[in-house]
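Reading through the structure tokens given below for one structure.
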Amino acid sequence: MLALDAITLRAGDPPLNHVFTDAAITVVLGANRSGKTLLCRVIAGLTSPHSGELLLDDAPLASYLERPVALVTQSFVNYPAWTVADNIASPLTARGVARSVRDTKARDIARKLGLEALLHRYPHELSGGQQQRVAIGRALAKGARVLVLDEPLVNLDYKLREALREELRGLLVAEGLTVIYTTTDPVDAFAMAHDVVLMEDHGFVQSGAPLDVYRQPKSFTAAALMSEPTVNALSDGKTVGAIRPEHVRLTRPGDGAVKELQLLVEEVETNGTHTFIHGLVGRDGWIVKVEGMVRAEIDRPLQVWVREADILRFESH
Amino acid sequence: MAAIELSGVSFRYPGSTGEAIENLSLNVDDKATHALLGASGAGKTTMLNLLSGLLLPTSGRILFGDRDVSAVPAAKRNVAQVFQFPVLYPRMNVLENLVFPLCNNGWKKLDAAARALEIAKELGIEIVLEANVSALTLFERQLVAIGRALVRPDVALVLLDEPLTSVQPELKWRLRRTLRKVQADLGVTMIYVTHDQTEALTFASAVSVMHGGHILQTGSPMEVHDHPEHEYVGFFIGSPGMNFVKAEVKRGAVRVNGTALASTDHAEGECTVGFRADWAMLAPDGLPVEITGFRPDAVQNGMPVGIASLKHDGNRLHVRAEGLIAPGPSHVQLKHHMLFREGRRVA
């Protein structure tokens with residue numbers, strides 16, 4: 001079991017306490033510059049925390065080289081002049097393991113990752129998704145118990161991202177690895193996470209199962225982080241309400257108390273499956289997410305409705 | 001500005017065995033917005049270079065209006081291009097960057113400045129005209145790059161190569177909206193190249209889906225989403241993509257391993273049945289599947305909703321579902337479907 005015990009990333013940062021669920025994926029979700037990469041480096045042992053301790057099974061973690069932790073970064077670095085087999089086996093090469101043993105191990109790992117047919121290829125002959133699997137294969141060869149993936153899908157196009165989310169999840173769960181996966185995209189958290197940890201300004205905002213965090217965010221920030229796109233704000237002076245884009249409706253809901261609002265439409269964007277209507281409610285920028293391809297006239301007011309039950313209320317400060 | 005017409009255009013890179021672009025035809029109306037959408041390797045970059053004149057077609061014709069530019073090199077085509085990252089002169093201020101393409105073309109300084117101001121106003125960057133471009137945000141710099149592309153009134157075509165890439169995700173839509181507004185105001189012909197379906201479907205009035213050096217389908221955003229003419233188009237557009245299952249038409253029904261899924265009056269024989277995640281539902285009977293996962297991404301009226309991952313005959317399928325869905329055997333029923341033969345839609 002991997003635990004953070006009052007870790008501070010830099011001087012003056014809030015202490016981080018968290019116990020990562022064994023053999024499960026924990027998604028660390030935060031905006032750019034919230035401290036995700038620094039956290040990854042600290043867990044991998046590339047950077048020392050400012051204070052606090054990292055514990056594995058209640059014992060402090062060893063130094064970088066002996067640490068059973070592997071880090072895969074967004075640029076999925078592979079050795080360009082080495083074949084897939086040699087790339088996967090590289091941690092064993094570093095330890096002086098015999099070639100025959102390395103080759104067998106590399107082949108076993110490649111099979112699990114669906115790379116068996118590519119063992120003799122070079123990284124530049126692989127697709128982005130395949131290159132990434134090679135980088136993960138290297139982590140498996142290292143015998144890591146903890147795999148840290150720092151924004152692994154960020155450089156890939158959306159169709160590949162969609163496929164890899166599902167593929168990666170199955171693979172990592174089957175391997176029984178404790179996975180820490182950082183992202184800026186709540187879709188990754190919904191699709192992959194056993195637990196999600198929300199991060200802001202080098203601190204943890206909230207953690208829990210994705211749907212629990214979605215249902216009961218502790219703060220406006222937590223609601224906004226666990227929302228794709230971000231939440232809409234509705235303030236009444238005493239409290240501030242957060243409304244998820246999928247909870248703003250274009251037809252009046254039949255049940256319960258509702259709020260009726262005017263949205264001045266600024267832009268309508270669609271991916272075919274959903275339409276996102278951007279606009280203004282008063283002076284606040286809002287986004288409405290509706291299913292299918294929906295038309296709305298730009299620069300025109302649009303009547304929208306929100307169920308009171310869907311408004312997440314927080315004290316305003 | 002001009003209508004753009006490609007007829008039977010092929011291109012083969014020197015030394016390569018296959019055609020990067022093969023017998024491709026495309027019509028873009030004058031003053032229209034057109035998107036070329038495809039994954040990496042589809043031929044989008046080759047198309048950009050053929051349109052700008054950096055590459056000349058091996059065969060076929062390219063017309064700008066009634067001018068045949070097939071053999072005309074880039075410098076003489078009057079094509080402006082906006083790249084993924086803003087390409088500007090870093091030591092010049094915004095105004096100097098904007099007037100540069102005009103002064104190069106023999107414009108008088110005063111006229112050039114007047115035109116630059118007009119474009120700057122259109123883009124909402126007139127207040128930063130004096131600023132050095134290095135002092136601007138990426139968003140503002142990309143606006144200046146767009147301004148540079150639009151400043152010459154004699155430009156026949158503006159090519160946009162993933163122009164929103166460098167902009168923060170939450171600002172992308174603003175830049176896209178600005179692009180569309182200036183396109184409409186100035187009446188420019190724009191071809192927008194992207195792998196991102198949202199950008200293509202939102203920006204353009206017509207979308208061409210590219211794959212393997214071909215255009216598989218050209219249509220309005222609604223048409224390519226709702227009526228894919230090709231399996232690949234159904235797969236590529238939409239999130240998740242369309243599901244496909246090997247089937248046959250027999251005795252007036254679409255059947256998978258004998259199980260009737262829907263009635264049809266289409267000709268009997270083997271085919272592929274295609275359906276989107278929201279055209280299907282989990283049910284007590286129908287197509288037998290194994291539920292492998294359910295990852296809700298929202299709660300509606302107290303109920304978790306999302307996409308269920310299913311397996312059928314080793315194939316992965318996705319169906320929209322709600323409630324508490326446990327892994328295990330289940331069935332799928334279709335509310336709506338399409339039939340494909342040899343990759344093409346037949347019903």
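Just so it is clear, the structure is predicted and the values come from calculations on it, not from any experiment. Lettering follows sequence order; numbering is per chain, from 1.
For the set B:Pro221, B:Ala39, B:Ser40, B:Ala277, the entry with the most heavy-atom pairs within less than 4.5 Å of chain A is B:Pro221. Each of B:His225, B:Arg276, B:Arg176, B:Gln197 has some count of heavy-atom pairs under 4.5 Å with chain A, and the biggest count is that of B:Gln197. The most heavy-atom pairs under 4.5 Å with chain A, out of B:Asp278, B:Asp196, B:Leu201, B:Ile307, come from B:Leu201.
A centroid separation of 6.0 Å or more is found between the aromatic rings of B:His337 and B:Phe275.
Residue contact with chain B, scored on non-hydrogen atoms closer than 4.5 Å, is absent for A:Arg165. Residue contact with chain B, scored on non-hydrogen atoms closer than 4.5 Å, involves the backbone and the side chain of A:Glu246 alike. In this structure, chain A has no heavy atom under 4.5 Å from any part of B:Phe203. Residue contact with chain B, scored on non-hydrogen atoms closer than 4.5 Å, involves the backbone of A:Val268 exclusively. No part of A:Ala309 comes within reach of chain B, as not one of its non-hydrogen atoms sits under 4.5 angstrom from that chain. Heavy atoms closer than 4.5 Å to chain B are found in both the backbone and the side chain of A:Glu266. A:Arg161 does not touch chain B: none of its heavy atoms, backbone or side chain, sits under 4.5 Å away. At a 4.5 Å heavy-atom cutoff, the contact between A:Ile298 and chain B is made by side-chain atoms alone.
If you check the side chains of A:Glu166 and B:Ser309, you find a donor sitting under 3.5 Å from an acceptor. For the 3.5 Å distance criterion, the side chains of A:Thr21 and A:Asp195 qualify, holding a donor opposite an acceptor. No donor-acceptor contact under 3.5 angstrom links the side chains of B:Lys311 and B:Thr292, judged on distance only. Looking only at atom types and distance, the side chain of B:His312 has no donor-acceptor partner in the side chain of B:Glu290 under 3.5 Å away. With no hydrogens or angles considered, a side-chain donor-acceptor pair links B:Gln300 and A:Arg249 at under 3.5 Å.
Listed for the A:Trp286 side chain is a donor-acceptor partner under 3.5 Å among the backbone atoms of A:Ala233.
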*Would you check, one step at a time, whether the test side chain to side chain donor-acceptor pair (under 3.5 Å) holds for A:Asp150 with A:Thr182?*
CA-CA 5 Å; A:Asp150 190 15; A:Thr182 74; 2.6 Å; yes
*Full working for side chain to side chain donor-acceptor pair (under 3.5 Å) between B:Ser239 and A:Glu162*: CA-CA 8 Å; B:Ser239 227; A:Glu162 234 172 69; 2.5 Å; yes
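With A:Tyr214 as the aromatic partner, A:Arg244 meets the cation-pi criteria of under 6.0 angstrom to the ring centre and within 45 degrees of the ring axis.
Contacts of residues 215-226 of chain A with chain B at a heavy-atom distance below 4.5 Å involve A:Arg215, listed in sequence order.
The pair B:Arg180-A:Glu267 meets the salt-bridge criterion, with a side-chain N (NZ, NE, NH1 or NH2) lying under 4.0 Å from an Asp/Glu carboxylate O.
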